[in-house]
J.: 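Got a structure for you, questions after.
Just the heavy atoms: all of them, side chains too, but no hydrogens, waters or symmetry mates, feed the values below. What you see is a predicted model, and the numbers here were worked out from it, not measured in a lab.
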Amino acid sequence: MEALDLIKRYSKMVEKPMKEILGSFLERKFQKLAFYQISTGGKRLRPALSILSCQLLGGKIKDVLYPAAGIEILHNYTLIVDDIIDHSFLRRNQPTLWFKFGTSMAECLGMIYAASIFQAAQRSKFPSKINEIFALTLKKITQGEILDILFERAGRENEPYIFENRYFEISEKDYLKMVSQKTAALFEAACQVGGVSANGKKKEIQALRNYGFNLGIAFQIRDDFLDIFGEEKKFGKKIGKDIEERKGGNLLILLALKELSFSKRKKLEAILKKKKIKNEDLKKAIQLIEETSALKKATLWSKKFIKKAKESLELLPQNKWNEILKQIAEFIIQREK
């Protein structure tokens with residue numbers, strides 16, 4: 001697939017500006033620490049979307065390279081924070097930053113990533129606009145992260161706000177709000193940054209935003225599926241981690257809870273509320289989810305959002321880059337990691 005080859009090529013292109021920005025104003029002995037998070041791999045899908053969106057509107061790669069690097073730094077900053085919050089040991093088949101260097105170092109390095117996001121914006125043709133996009137996106141993602149935590153079925157009893165404001169009932173509307181902020185906002189921003197860097201028209205940039213937004217929701221639904229039914233080596237994260245973390249914000253768990261009989265729903269809820277979820281609990285929870293049509297329904301959901309994403313592309317120039325963005329949409333719902 002041509003799209004995957006381009007993603008790999010653009011991934012290499014953003015490495016240099018990412019390291020340049022992250023390493024600036026840092027003592028050499030701390031640069032290795034700062035580079036660890038971005039050295040563990042990743043698809044670099046979001047900066048690729050920025051570059052492709054810019055090219056689609058006739059822009060040049062040089063005009064979008066630093067904003068694209070900023071998007072990926074922003075993404076990795078949120079992963080650093082997310083891994084600390086979720087106590088995740090593994091990401092991309094590598095130790096997470098906090099697990100490798102300690103929580104204190106991860107929090108300090110997170111601040112370096114936060115500062116670097118806006119350095120990247122300053123190296124763009126439209127620094128004020130790009131800065132505003134980055135700031136808004138970071139605030140959206142943070143609100144989505146808060147909702148994700150509040151959707152957890154149990155845990156964090158020593159944190160009063162969470163204990164007092166936890167969601168005991170989560171609707172599909174609640175789920176969509178959370179993923180719109182936590183995941184889709186960054187995909188939307190990636191495409192918007194590309195359009196702005198190409199000095200696109202307002203309608204064109206809005207169409208790109210809509211494409212990215214719907215793509216992002218489909219991406220998260222696929223992530224929800226892979227967390228429960230994926231292959232650990234391919235996925236790069238432990239399978240069933242959302243169950244271990246008692247997540248109510250996984251679409252498959254949400255749909256299964258709505259469909260299960262009263263007694264089976266109580267069994268799944270009991271597992272999700274356990275203080276310590278063992279391997280046998282994990283297997284039982286997955287078995288209960290498999291008994292429902294949650295997988296089929298989630299697949300239909302993701303296809304619906306991919307359809308919307310492709311419809312947005314119909315409003316944009318019909319060129320090579322448009323076709324590649326369509327290919328990426330197909331890749332999103334078929335990926336294994």
J.: Flag yes if I306 and L316 sit in one hydrophobic cluster, no otherwise; membership is Ile, Leu, Val, Met, Phe, Trp, Tyr, and two members link when side-chain heavy atoms are under 4.5 Å apart.
T.: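 Yes, same cluster.
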J.: Go through the structure and list residues passing salt bridge (Lys or Arg N to Asp or Glu O under 4.0 Å) with E291, not counting sequence neighbours.
T.: K264
J.: Do T40 and Q94 have side-chain N/O donor and acceptor atoms under 3.5 Å apart?
T.: no
J.: Tell me whether the centres of the aromatic rings in F213 and F187 are closer together than 6.0 Å.
T.: no
J.: State plainly whether the residues K307 and E311 are in salt-bridge range, i.e. N to O under 4.0 Å.
T.: yes
J.: If you group Ile, Leu, Val, Met, Phe, Trp and Tyr by side-chain heavy-atom gaps below 4.5 Å, do I85 and F163 land in one group?
T.: no
J.: Sequence neighbours excluded and cut-off under 3.5 Å, please list the side-chain donor-acceptor pairs for residues 132-147, or say none.
T.:
| from | atom 1 | to | atom 2 | distance (Å) |
| --- | --- | --- | --- | --- |
| T137 | OG1 | I133 | O | 2.6 |
| T142 | OG1 | L138 | O | 2.8 |
| Q143 | NE2 | K139 | O | 3.3 |

J.: Would you kindly say whether S171 and D174 are connected by a side-chain donor-acceptor distance under 3.5 Å?
T.: yes
J.: If you look at every heavy atom in A298 and I221, which pair is closest and at what distance?
T.: O-CG2, 3.4 Å
J.: One thing to verify: whether K241 and D86 come together as a salt bridge, which I'm taking to mean a side-chain N less than 4.0 angstrom from a carboxylate O.
T.: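 Salt bridge flag = no for K241 with D86.
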J.: Verify the cluster assignment for Y211 and L315: are they in a single hydrophobic cluster under the rule of side-chain heavy atoms below 4.5 Å apart?
T.: no
J.: Salt bridge or not between D148 and R166? Use side-chain N to carboxylate O under 4.0 Å.
T.: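 Salt bridge: no.
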J.: Would I170 and R153 satisfy side-chain contact (heavy atoms from CB on, under 4.5 Å), going step by step from the backbone distance to the final call?
T.: CA-CA 10 Å; I170 303 161; R153 314 314 290 161; 3.0 Å; yes
J.: Check K258 with E172, please: is the shortest side-chain N to carboxylate O separation under 4.0 Å?
T.: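 No, E172 and K258 are not salt-bridged.
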J.: Which donor-acceptor pairs under 3.5 Å do side chains of residues 28-36 form with protein atoms, sequence neighbours excluded?
T.:
| from | atom 1 | to | atom 2 | distance (Å) |
| --- | --- | --- | --- | --- |
| Q31 | NE2 | G23 | O | 3.1 |
| Y36 | OH | P95 | O | 2.6 |

J.: Flag the pair E2 and K320 as a salt bridge only when some basic side-chain nitrogen lies within less than 4.0 angstrom of an acidic carboxylate oxygen.
T.: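 Looking at K320 together with E2, the answer is yes, because their closest N to O distance falls below 4.0 Å.
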J.: Which of these passes salt bridge (Lys or Arg N to Asp or Glu O under 4.0 Å) with E72: R44, R46, K43?
T.: R44
J.: Charged N to carboxylate O below 4.0 Å: is that the case for E314 and K310?
T.: no
J.: For F229, which residues count as a ring-ring contact (aromatic ring centres under 6.0 Å, His included) partner, sequence neighbours excluded?
T.: F225
J.: Between the side chains of E188 and N210, is a donor N or O closer than 3.5 angstrom to an acceptor N or O?
T.: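 No - no donor-acceptor pair under 3.5 Å links their side chains.
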J.: Minimum heavy-atom separation for N322 to P317, with atom names?
T.: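 It is ND2-O, 3.0 Å.
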J.: Where does the angle between the aromatic ring planes of W98 and H87 fall among parallel (under 30°), tilted (30 to 60°) and perpendicular (over 60°)?
T.: perpendicular
J.: Can you tell whether the side chains of D83 and K100 come within less than 4.0 Å, N to carboxylate O?
T.: no
J.: I need the full list of side chain to side chain donor-acceptor pair (under 3.5 Å) pairs touching residues 106-117, with sequence neighbours left out, sorted by first then second residue.
T.: none
J.: So, do W301 and L176 sit near enough that their side-chain heavy atoms are less than 4.5 Å apart?
T.: yes
J.: Please tabulate, one pair per line, all N/O donor-acceptor pairs under 3.5 Å involving side-chain atoms of residues 54-63, not counting sequence neighbours.
T.:
| from | atom 1 | to | atom 2 | distance (Å) |
| --- | --- | --- | --- | --- |
| Q55 | OE1 | Y10 | OH | 2.6 |
| Q55 | NE2 | Y10 | OH | 3.2 |

